[in-house]
Amino acid sequence: MRTDWQSIKERLRAEFGDAAYKSWLAPIELDSVSATRAVISVPTRFMRDWVQRHYLDRISQMLTDGAAAAPAVEIVVRSAIRAPDAAKAANVEAVGTLSAAARARPRPAAPRSHEDISAPLDPRFVFDNFIVGKSNEFAYAAARRVAEAQTVPFNPLFLYGGVGLGKTHLMHAIAWHIRKADPNRRVIYLSAEKFMYQFIRALRFQDTMAFKEQFRSVDVLMIDDVQFISGRETTQEEFFHTFNALVDQNRQVIISADKSPSDLEGMEERLRSRLGWGLVADIHQTDYELRLSILQSKAEKLGSQVPSKVLEFLAHKITSNVRELEGALNRVVAHATLVGRVFSLEATQDVLHDLLRAHDRRVTIEEIQKRVAEHFNVRVADMHSARRARAVARPRQVAMYLAKQLTSRSLPEIGRKFGGRDHTTVMHAVRKIEELRATDTSFSEDVELLRRMLET
Ligand code: ADP
Ligand code: MG
């Protein structure tokens with residue numbers, strides 16, 4: 001066995017690079033060496049697992065100069081309470097022992113200030129108010145599991161999805177649930193932005209010890225919108241350590257972001273990979289059914305009798321996210337209450353005209369061309385081509401008609417997008433399709449189907 005640990009570490013650095021070295025290899029210490037056996041140690045259980053998995057073979061080879069058949073190197077977790085200069089070997093605790101000890105050890109009388117750092121929870125964001133559909137059932141089930149579990153089922157729970165789809169709602173719901181079930185468990189919920197703010201403040205006031213203590217003594221830590229710390233290196237560093245410390249002590253960590261761990265740009269690789277280690281659950285865009293159920297439930301809570309055709313209209317039109325959907329419903333209800341009128345489709349359209357227009361603009365002519373081409377089994381290129389054969393001319397006319405109906409583009413603009421055609425050609429197409437729709441029901445249904453597909 002070799003004992004020149006420093007030079008081995010330098011070789012590891014050269015081999016694995018600075019970043020990996022800094023995160024994983026630098027903290028390793030050589031605790032004891034005999035002729036046949038070496039013991040190395042790392043500060044946390046999490047690091048032990050990682051080093052074991054990724055680097056131990058190589059370290060063994062280096063320590064034994066490649067001589068040993070089986071690795072004779074053991075990796076252990078250094079005791080957190082190790083006396084600074086005591087004989088090293090005596091202070092190395094075997095793996096399972098430490099975690100048991102850590103668990104048994106009474107938690108330091110940490111300041112009960114966690115309620116101060118935790119952001120307030122929205123009383124409406126509870127499980128009972130969360131409507132489950134295809135797009136969110138997995139995330140919902142994972143959230144419930146974490147909320148109800150006595151032991152940590154997966155760590156971290158990583159929730160991701162587009163804006164306004166219920167990530168914050170689910171996190172608050174978990175927090176409410178746990179706080180109610182066991183008021184003694186320390187649950188902290190805060191945005192990544194706030195985390196960063198607190199950290200920077202702690203740095204400024206040279207109070208990082210208290211900051212660390214606050215976060216590292218919680219049972220459940222939830223950080224919302226973690227994409228916010230993209231590109232913020234020091235905050236990421238601190239977050240990473242907090243995160244590891246908690247996971248190591250078997251405390252639940254719950255993270256949300258607008259993207260999956262692997263798609264988070266501006267995040268350090270080691271953090272990204274670490275975030276994906278537990279359970280990753282995504283929330284997809286809502287479908288019509290879910291939107292309608294949400295509206296029905298919200299309308300009921302508002303105590304107003306919104307006709308189902310108004311709800312259906314909203315579910316059909318406001319497809320972006322649940323927040324906008326709620327906003328639209330609130331506006332419609334407020335309007336009806338204020339003006340004292342019954343709800344009608346016309347009034348709804350009127351109240352929401354700006355919102356609806358914004359949505360309509362989202363369908364592009366390119367999408368229309370693509371969908372229509374698919375539907376009629378022609379090439380997208382035929383939308384622009386000069387071919388006049390009915391088999392391609394008709395679909396092209398349908399696409400022009402839909403472009404007129406679904407976008408706010410003018411006739412000349414539409415013409416330009418169809419191979420530089422004249423606006424009169426577009427006008428002719430629109431008339432032709434209207435005519436056909438009036439006389440041919442099955443054709444009309446076809447077009448209607450396309451329109452619906454494009455609108456949602
Ligand atoms: P995110 O954090 O993903 O941006 P939020 O959790 O803030 O989204 O949700 C936006 C709004 O939509 C909130 O008012 C929330 O209550 C509501 N919401 C989202 N999904 C649902 C759902 N499945 N059922 C009921 N309300 C929902
Ligand atoms: Mg949110």
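Every number for a ligand or one of its atoms is a count from 1 in the order of the listing. If you're wondering where the values come from, they're calculated on a predicted model, not measured in any experiment. Along the sequence shown, residues are numbered consecutively beginning with 1.
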Residues passing the ring-ring contact (aromatic ring centres under 6.0 Å, His included) test with Phe125, sequence neighbours excluded, are His169, His172
Got the closest protein heavy atom to atom 6 (O) of ligand 1, with its distance?
His169 N, 2.8 Å
Answer yes or no: is there a donor N or O on one side and an acceptor on the other, between the side chain of Asp282 and the main chain of Tyr160, under 3.5 Å?
no
Count of N, O or S atoms belonging to protein, less than 2.8 Å from the Mg ion (ligand 2):
1
Could you tell me whether the side chains of Glu367 and Thr364 share a donor-acceptor contact shorter than 3.5 Å?
yes
Considering non-hydrogen atoms of the protein only, which is the closest contact for atom 21 (C) of ligand 1, and what is the distance?
Phe130 CE1, 3.8 Å
Are a donor atom and an acceptor atom from the side chains of Glu312 and His316 found within less than 3.5 Å of each other?
no
Do the non-hydrogen side-chain atoms of Glu268 and Glu237 ever get within less than 4.5 Å of each other?
yes
With a cut-off of under 6.0 Å to the ring centre and 45° to the axis, is Arg274 in cation-pi contact with Phe240?
no
Between Trp24 and Arg58, is there a cation-pi geometry (under 6.0 Å to ring centre, at most 45° from the normal)?
no
Go through ligand 1 atom by atom and flag the ones less than 4.0 Å from a non-hydrogen atom of Asn136.
23 (N)
Any carboxylate oxygen within less than 4.0 angstrom of a Lys/Arg side-chain nitrogen, looking at Lys259 and Glu265?
no
Distance to the ring centre below 6.0 angstrom and angle to the axis at most 45 degrees; does that hold for Arg144 and Phe127?
yes
Any Lys301 side-chain heavy atom under 4.5 Å of Asn129 side chain
yes
Hey, which atoms in ligand 1 end up nearer than 4.0 Å to a heavy atom of Ile294?
22 (C), 23 (N), 24 (N)
Identity and separation of the nearest protein heavy atom to atom 14 (O) of ligand 1:
Glu326 OE1, 2.8 Å
Could you tell me the residue and atom name of the protein heavy atom closest to atom 25 (C) of ligand 1, and the distance to it rounded to 0.1 Å?
Asn129 O, 3.2 Å
Are any of the N/O atoms in Gly164 less than 3.5 Å from those in ligand 1?
yes
Looking only at non-hydrogen atoms, which of Ala139, Gly166, Gly133, Ser256 approaches atom 9 (O) of ligand 1 most closely?
Gly166
Judging by distance only, is a nitrogen or oxygen of Ile131 under 3.5 angstrom from one on ligand 1?
yes
Between Phe199 and Phe239, ring centroids under 6.0 Å:
no
Give yes if a backbone or side-chain nitrogen or oxygen of Leu290 is under 3.5 Å from a nitrogen or oxygen of ligand 1, and no if not.
no
Touching ligand 1 at all, Lys298? Heavy atoms, strictly under 4.0 Å?
yes
Nearest non-hydrogen protein atom to atom 2 (O) of ligand 1, with distance, is Thr168 OG1, 2.7 Å
Considering heavy atoms of the protein only, find what lies nearest to atom 7 (O) of ligand 1 and give residue, atom and distance to 0.1 Å.
Arg323 NH2, 2.9 Å
Could you tell me which atoms of ligand 1, counted from 1 in the order shown, lie closer than 4.0 angstrom to a heavy atom of Val322?
12 (O), 17 (C), 18 (N), 19 (C), 20 (N), 21 (C), 27 (C)
Which of the atoms of ligand 1 are close to Val163, meaning less than 4.0 Å from one of its heavy atoms?
4 (O)
Just to verify, which of Gln369, Lys417, Arg396 counts as forming a side-chain contact (heavy atoms from CB on, under 4.5 Å) with His384?
Gln369
Ignoring hydrogens and geometry beyond distance, is a side-chain donor-acceptor pair present between Asp224 and Thr168 at under 3.5 Å?
yes
